[in-house]
Amino acid sequence: MRIIPCWLPTKSPWLNRIEPKWVHGKRAIVEPARLLMASELKQRVCDSFACELLELLLQQVS
């Protein structure tokens with residue numbers, strides 16, 4: 001028996017149908033020069049998709 005490695009493509013829109021739809025949003029939000037802080041990323045997502053930023057729901061565990 002022989003194992004033959006096969007590399008997977010980095011992008012596969014035929015396997016992941018939503019990929020072509022979210023790639024434009026990703027390009028609008030990310031900044032290649034540096035990593036974004038979580039709060040900055042949340043704000044950019046809301047600005048890009050024209051939605052309001054809501055407070056997180058906290059779960060109380062007893």
Side-chain angles (χ1 to χ4, degrees):
M1 185 182 325
R2 203 164 148 201
I3 298 175
I4 301 172
C6 296
W7 301 107
L8 295 175
T10 56
K11 294 183 180 182
S12 53
W14 59 91
L15 295 176
N16 187 1
R17 293 183 182 188
I18 199 167
E19 189 169 330
K21 295 171 179 62
W22 66 261
V23 81
H24 72 278
K26 182 179 175 184
R27 286 184 187 140
I29 294 167
V30 297
E31 190 172 316
R34 64 183 180 92
L35 290 175
L36 301 173
M37 294 186 339
S39 59
E40 194 175 12
L41 183 62
K42 283 193 263 184
Q43 189 60 48
R44 284 187 182 201
V45 168
C46 289
D47 292 345
S48 179
F49 292 106
C51 60
E52 67 177 286
L53 183 61
L54 300 174
E55 292 296 322
L56 296 175
L57 297 174
L58 298 177
Q59 181 180 8
Q60 303 242 343
V61 180
S62 56

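Within the structure, side chain to side chain donor-acceptor pair (under 3.5 Å) pairs that include any residue of residues 50-61 do not occur (at least two apart or interchain).
With values rounded to the nearest 0.5 angstrom, L54 atom CG is found 11.0 Å from K42 atom NZ. Atoms NE2 and CD1, from H24 and I29 in turn, are 8.5 Å apart once rounded to the nearest 0.5 Å.
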Donor-acceptor contacts under 3.5 Å from residues 32-40 side chains, at least two apart:
residue, atom, partner, partner atom, Å
R34, NE, E31, OE2, 3.2
R34, NH1, E40, OE1, 3.3
R34, NH2, E40, OE1, 3.3
R34, NH2, E40, OE2, 2.7

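Under the 4.5 angstrom side-chain criterion for Ile, Leu, Val, Met, Phe, Trp and Tyr, I4 has no cluster partners at all.
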